[in-house]
Amino acid sequence: MKIQERTGAGAGRSAAPAQPPVGDRLPTPPRERKPALAALAVLLILLGALGATTLVLRAGDRIEVIKVTQDIEPGESVNKDNITSVMVAADNGVNYVKWDQRSQLMKLKARTAIYKGTVVVGQMFAEGSTLPAGKAVVGVALKEGQYPADIKNGDTVAVYNVDTSGKGTGSGAASSAGGLIVDNAKVQKRADDSNATISTGNLSLTLLVDQTDAAAVARAASAGTVAVVHVSDSGN
């Protein structure tokens with residue numbers, strides 16, 4: 001009787017499903033390696049490093065060029081007193097005039113007005129006369145009292161005929177006694193007629209005027225009856 005009970009009990013236990021041993025797991029598939037992505041990542045890193053190196057090298061590649069220190073009017077040239085040297089980043093797309101080319105630049109004329117602080121490029125200058133269309137250059141000699149003391153290159157001036165004889169210097173309103181000849185002439189060059197020991201107070205100006213006004217200005221200058229007044233150039 002006891003034997004049968006044990007047998008029955010054993011049969012009952014054997015009928016239960018077998019449990020897998022603790023610690024055993026189902027096998028997992030091996031991870032798929034992607035060498036192409038790894039190579040791409042390395043390539044991107046290398047390209048980034050190369051780009052940064054190139055920027056650093058370019059930033060350090062600087063050249064000495066010419067900068068204007070005074071306004072230069074059309075037709076004028078640079079000289080040792082109105083230029084200086086500055087360092088800029090080299091750029092093949094910009095036609096900089098290098099500092100060691102300044103002697104060649106001094107032989108050329110400005111095409112247009114060049115303002116103080118401008119870094120010079122080759123297109124700003126040319127050989128020969130570069131007067132703007134419809135313009136003329138006239139020289140006038142002035143005595144003390146016929147010009148303001150603060151006149152300088154680049155200023156805009158009005159030119160008057162100050163003949164007090166009543167005869168004038170020609171026909172027309174522009175050349176009549178006491179008449180306005182030009183209201184917006186440009187001073188291209190100022191030259192004081194003085195030296196270290198004697199100051200005469202005389203002044204010579206080179207003026208840029210319209211061609212239609214050049215003759216009247218020249219006549220007044222020849223007669224010694226010309227005077228200039230410094231005016232605002234805001235209307236030009």
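A pairwise comparison of heavy atoms in V182 and D213 identifies CG2-CB, 3.5 Å as the closest pair. Between K98 and I66 the shortest heavy-atom distance is O-CD1, 3.7 Å.
The side-chain heavy atoms of F125 and V120, taken from C-beta on, include a pair separated by under 4.5 Å. Taking the side chain as every heavy atom from C-beta outward, R190 and L203 approach each other to under 4.5 Å. Contact of the L205 side chain with the K189 side chain is not registered, since no non-hydrogen atoms from C-beta on lie closer than 4.5 Å.
Not one N or O on the side chain of E64 forms a donor-acceptor pair closer than 3.5 Å with the backbone of S85. Side chain of D155 to backbone of K152: a donor-acceptor contact under 3.5 angstrom is found. A donor-acceptor pair is defined here as one N or O able to donate and one able to accept, closer than 3.5 Å; such a pair exists between the side chain of S77 and the backbone of L108. Between the D183 side chain and the A158 main chain, no donor and acceptor come within less than 3.5 Å of each other. D210 places no side-chain N or O within 3.5 Å of a backbone atom of T212 that could act as its donor or acceptor partner.
Within 6.0 Å of NZ on K135 lie more than 12 heavy atoms contributed by other residues, nucleotides or ligands.
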Just do the side-chain contact (heavy atoms from CB on, under 4.5 Å) check on V231 and N184 with the steps written out, would you? CA-CA 8 Å; V231 298; N184 61 348; 5.9 Å; no
